[in-house]
Amino acid sequence: MPELPEVESVRIGLAGHVLGRTIEGVCVYRPYSIRHTPGGAEEFQDELMGATFAEVARRGKFLWFILDAPEGTGRALALVVHLGMSGQLRVHSDTESGPGSHTRVRLTLGGASPMILDFVDQRTFGYMTVDELVLTTDGGPGGVGTQLPALPARAAHIARDLTDPLLDLAATAERMKSRRSPVKAVLLDQGMAAGVGNIYADEALWRARINGGTRADRIALPRLIALLEAGREVMTEALAQGGTSFDALYVNVNGESGYFSRSLNVYGRAGDPCPRCGEPIRREAFANRSSHFCPRCQRRK
DNA sequence: AGGTCGACCTTAGTGC
DNA sequence: TGCACTAA
DNA sequence: GTCGACC
C-alpha cells in the first residue's frame, strides 16, 4: 500500500520521464477511476489534451502534475493522482502494446520519442482527476517537487508531510495531545501530519514503544514528539531503500518488493519474535484494519 | 466527540 | 476442480 | 486508503 515513501519514489521516477512532455492522447478504460471529475471522461480529456507537464509534486499520498495549458485560460490546473490501495503509475516507450487488464487510464505523451503513462489500479480505490490549484494557507510550497505556494483543492485539507522540515513537530505533538482518540488513529490522520499509513504507523509506534490504542491525550508530550521523530525516521529510511527497487523505464509501486520484505520490524510479522525483546509480535484488528505490535515493548497505558 | 463498521472494488490465496 | 471466505 | 453513517 503506497504511503509517503512509495509515492515519493514514484514522483521522483516520473519527474525524470514526463517533465516537458505534452499529452497527445487520453484513454479512460474505467470511468470509475476518474469519478471525481464532474464532467466525466469528456471533460477529463478536454482539459488534458494539449497540456504539458510542468512539474510533478506530492504532498502526503497525493501526487499531482502541474499543467502548462496551451492557452493560459487563467486558472491553474493539475492532473491529480491518488494511488489508493493498489494504484501504480508506469511509464514505458512501446506505444504499440495494448493496456493490461488493470490499466484504468492511459496517457500518450509526445516528444522526440513518444511514451505512455499508464495508471494501473487493481482495486480501483485510487483515482485520477483534473483539479484547480489553490494557495497554501501558510504560504509555503504546496508540496515536494514544486516551489509554487499552491496545491490541488482536493488536497488542501492535508497537512504538511511528516518528513517536511517546515512541519513543526512540537506544535503537531501539541495538537495530537488535544485528542482523546487512540494515538494510532491520530497518527493516521492526514490533517495532522501527512503521509503515514497503516504500515509506517505500526513501525513508528514500535520504535517509540507506544501502544497504538493508547489515548493521545494520555501520552506525555516528549513521547509524542519522539513518536513523530520515529515516524520521520522510518519513512526517510524507507524512501532511501524504495529508490533502489525502481529502474529507469519502469516506474511503479510494488508493495512486496525491496524495503517491505526486509526492513519492517512488526508489520506483517505476526508470530515472529520482536527484534528487540523476542516476544512474539501480535496482530490485532483496529478500526477495520490490522495492527501489529509487540505486547511486551508496547504495553497499553 | 470518539469509536466501530461498512462501503467503495478487484483479485489472489486458502481451505474444505 | 470449484465454491466460499479472507486478506490485501 | 478514505469517507460517511450510526451508536
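Labels below follow one simple rule: chain letters A, B, ... track the order of the sequence lines, proteins then strands, and each chain is numbered from 1.
- Under a 3.5 Å cut-off, the side chain of A:T37 and the backbone N or O of A:G40 do not form any donor-acceptor pair.
- Atom name P, nucleotides C:dT1 and B:dT10: the rounded distance is 26 Å, in whole Å.
- For A:Y32, the side chain to side chain contact (heavy atoms under 4.5 Å, CB included) partners are A:R30, A:R35, A:T124, not counting sequence neighbours.
- With rounding to whole Å, A:M192 atom CE is found 13 Å from B:dG2 atom C1'.
- Side-chain contact check for A:V7 versus A:V81: every heavy-atom pair is 4.5 Å or farther apart.
- When the side-chain nitrogen and oxygen atoms of A:R283 are compared with OP1 and OP2 of C:dA8, one or more of them lie within a distance under 4.0 Å.
- Put simply, CD1 on A:I34 is 15 Å from P on B:dC9, counting in whole angstrom units.
- Electrostatic pairing of A:E174 and A:K177 does not count as a salt bridge here, judged by no charged N lying under 4.0 Å from a carboxylate O.
- Looking at A:L67 and A:L48, their side chains come closer than 4.5 Å, going by heavy atoms from C-beta outward.
- Between A:R30 and the phosphate of B:dT10, there is a side-chain N or O to OP1/OP2 separation shorter than 4.0 Å.
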Letter per nucleotide, 5' to 3', of nucleotides 1-7 of chain D [B base touched, S only sugar-phosphate touched, - untouched; heavy atoms, 4.0 Å]: BSS----
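- Rounded to whole Å, the distance from CZ on A:R35 to C1' on B:dT10 is 13 Å.
- Residue A:T124 places none of its side-chain N or O atoms closer than 4.0 Å to OP1 or OP2 of B:dT10.
- The hydrophobic cluster around A:I281 extends to A:W206, A:V266, counting ILVMFWY residues whose side-chain heavy atoms fall within less than 4.5 Å of a member.
- In this structure, CG of A:D217 is placed 11 Å from C1' of B:dG2, rounded to the nearest angstrom.
- Taking atom P on both nucleotides, B:dG3 is separated from C:dA8 by 23 Å, rounded to a whole Å.
- Side-chain proximity of A:R179 to C:dA8, B:dT11, B:dG2: nearest is B:dG2.
- The separation between A:Q88 atom CD and B:dT10 atom P is 17 Å, rounded to whole Å.
- Partners of A:F53 by ring-ring contact (aromatic ring centres under 6.0 Å, His included), not counting sequence neighbours, listed by chain and number: A:F65.
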If you write DNA chain B from 5' to 3' in dot-bracket form, with Watson-Crick or G-U pairs under 3.5 Å, [ ] for crossing pairs and | for pairs with another strand, what do you get? .|||||||.|||||||
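- Atom NE2 in A:H102 sits about 6 Å away from atom C1' in B:dT11, given to the nearest Å.
- Residue A:L148 shares its hydrophobic cluster (ILVMFWY side chains chained together at separations under 4.5 Å) with A:F62, A:W64, A:I66, A:V80, A:Y127, A:L133, A:V134, A:L151, A:I158.
- Across B:dC9 and D:dG4, the matching P atoms stand 16 Å from one another, rounded to whole Å.
- Cluster annotation: A:V91 is not connected to A:I12 through the hydrophobic network of ILVMFWY side chains, with a link wherever side-chain heavy atoms come within less than 4.5 Å.
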